[in-house]
Amino acid sequence: MVMGLLGSIGQLVVVFVVAEILLFFVVEAAQYQLAKHGCNETCGNVCIPYPFGIGRGCFSTHGDFSLKCVDNQIIWCDNKVLDINIDGKMTISHNISYDCYGKLGESAGQSNVNLSAGNFIVSADDNKLVAIGCDTYAWFKGYKNEKPYWVGCMTYCTDLDDVTDGECSGVGCFQANITYGTPNITTEANITYGTPNITTEVGSLDEHIHCESFNPCSLAFVVAKDAFIFNKTNLSTTVEEYRKHLEVSVVLS
């Protein structure tokens, strides 16, 4: 009799647990089906919650929420969208800024990148500023509480053996936090160009003459914190590879 009662109680517990799991998935599914009625809910493998939307009448006009779906890829303000979550955060793909040199110190290529977040902000919780190089300086210039601030760094090394994978504290790689509430970031190579919020200037002290064999380029970029871990192979990337428009992910909120 006791065993039968225990068995019944066990079955009830299993039923309640299964019911809770099913309810969880129903709630989660409902949360992700937030597209406006009659509008596309997905593009490729990315869900599209309102106020975002594709096409007239499917997105809110109170902000930059208009999206395009091109070849199963979401496009927002000329940026590829990798994810949109129900918390209102959007992950986009963005180019890297670089400044590269040849064996004799001659310029081998340069690209200046501007990242504009529109009505969003570049999330301080989810992103970081990164500079890479063994003959590299970088300035991150911005505003906090309507007052200007600068964060500067210099990385200098003459031997690849001095660089450690996974470390980004000044030898071959440097990283810094982003101030809260930053709507625009300009990543520059050598040329200082102001924006209302953050300007990133990157360049070389000696045109990479002493390290060109293993590090021909200085780099600077904004990247999602969980999307980049430094590796010494990052130092040897050539200008030809950067001209293919290498991209990193950035979170806007």
Side-chain angles (χ1 to χ4, degrees), residues 32 42-49 52 64 67 70 72-100 111-118 120-133 136 138 140 142 151 153 155 163-189 197-200 202 215 217-239 241-253:
Y32 277 94
T42 62
C43 173
N45 60 355
V46 178
C47 294
I48 307 171
F52 294 94
D64 297 321
L67 305 173
V70 181
N72 288 321
Q73 172 66 63
I74 297 182
I75 304 297
W76 173 83
C77 296
D78 296 325
N79 296 291
K80 296 178 183 178
V81 176
L82 306 178
D83 182 65
I84 304 174
N85 67 30
I86 58 175
D87 297 323
K89 292 183 178 181
M90 176 171 61
T91 304
I92 65 172
S93 181
H94 204 262
N95 293 335
I96 291 175
S97 180
Y98 59 87
D99 180 32
C100 300
S111 177
N112 300 328
V113 176
N114 179 62
L115 169 59
S116 178
F120 299 90
I121 61 172
V122 181
S123 174
D125 291 327
D126 300 293
N127 299 293
K128 58 187 176 182
L129 299 163
V130 176
I132 293 176
T136 301
F140 304 118
V151 177
C153 72
T155 70
V163 182
T164 303
D165 288 341
E167 290 190 8
C168 194
S169 56
V171 181
C173 180
F174 170 87
Q175 64 186 31
N177 293 325
I178 296 175
T179 187
Y180 282 86
T182 301
N184 298 292
I185 291 180
T186 297
T187 305
E188 292 283 328
N197 296 94
I198 288 186
T199 299
T200 304
V202 61
N215 174 226
C217 300
S218 292
L219 317 175
F221 51 91
V222 184
V223 63
K225 289 181 178 179
D226 61 355
F228 176 77
I229 298 176
F230 175 70
N231 187 286
K232 62 175 64 179
T233 58
N234 298 136
L235 294 169
S236 59
T237 304
T238 64
V239 66
E241 293 175 87
Y242 289 114
R243 284 174 177 157
K244 296 176 183 177
H245 303 294
L246 294 182
E247 298 178 335
V248 293
S249 57
V250 181
V251 181
L252 308 181
S253 60

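Each residue takes its place number in the sequence, starting with 1.
When atom types are taken as modelled, the side chain of Asp165 and the backbone of Glu167 share no donor-acceptor pair closer than 3.5 angstrom. Using modelled atom types, one side-chain atom of Asn215 and one backbone atom of Leu235 make a donor-acceptor pair closer than 3.5 Å. A side-chain donor-acceptor contact under 3.5 Å links Asn127 to the backbone of Val251. A donor-acceptor pair is defined here as one N or O able to donate and one able to accept, closer than 3.5 Å; no such pair exists between the side chain of Asp125 and the backbone of Ser123. In this structure a side-chain-to-backbone donor-acceptor pair under 3.5 Å is present from Glu241 to Thr238.
For Thr42, the side chain to side chain contact (heavy atoms under 4.5 Å, CB included) partners two or more places apart in sequence, or in a different chain, are Cys47. Applying the side chain to side chain contact (heavy atoms under 4.5 Å, CB included) test to Asn234 and every residue at least two apart in sequence or in another chain returns Ile132, Phe228, Phe230, Asn231. Contacts of Ser93 classified as side-chain hydrogen bond (donor to acceptor under 3.5 Å, both in side chains), with partners at least two apart in sequence or in another chain: Glu247. Under the side chain to side chain contact (heavy atoms under 4.5 Å, CB included) criterion, Ser249 pairs with Leu82, Thr91, Ala224, Ala227, not counting sequence neighbours. Listed by chain and residue number, nothing satisfies the salt bridge (charged side-chain N to carboxylate O under 4.0 Å, His left out) test with Asp64 (two or more places apart in sequence, or in another chain). In terms of the side chain to side chain contact (heavy atoms under 4.5 Å, CB included) criterion, residue partners of Thr136 (sequence neighbours excluded) are, by chain and number, Thr155, Val202, His208, Ser218.
Using a 4.5 Å cut-off on side-chain heavy atoms (C-beta onward), Asp126 and Lys89 make contact. You'll find the side chain of Val171 stays beyond 4.5 Å of the side chain of Thr164, heavy atoms only. In this structure, the side chains of Ile84 and Leu67 come closer than 4.5 Å at one or more pairs of heavy atoms.
Under the 30°/60° scheme for interplanar angles, the aromatic rings of Phe120 and Phe52 are found to lie parallel.
Note that the CG atom of Asn79 and the CE atom of Met90 stand 8.0 Å from one another [nearest 0.5 Å]. A distance of 12.0 Å separates NZ of Lys128 from CZ of Phe174, quoted to the nearest 0.5 Å. Residue Cys100 holds its SG atom at 7.0 Å from CG of Leu219, rounded to the nearest 0.5 Å.
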List the steps, then state whether side chain to side chain contact (heavy atoms under 4.5 Å, CB included) holds for Trp76 with Leu252.
CA-CA 12 Å; Trp76 173 83; Leu252 308 181; 3.6 Å; yes
When you look at Ile48 and Cys43, which way does the side chain to side chain contact (heavy atoms under 4.5 Å, CB included) test go after all the steps?
CA-CA 7 Å; Ile48 307 171; Cys43 173; 4.1 Å; yes
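When each of Ile96, Ile92, Val222 is paired with Val248, the side-chain contact (heavy atoms from CB on, under 4.5 Å) condition holds for Ile96 and for no other.
Every pair tested for salt bridge (Lys or Arg N to Asp or Glu O under 4.0 Å) that includes a residue from residues 224-233 fails, sequence neighbours excluded, so the list is empty. Residues in residues 77-87 take part in no salt bridge (Lys or Arg N to Asp or Glu O under 4.0 Å) pair, two or more places apart or across chains.
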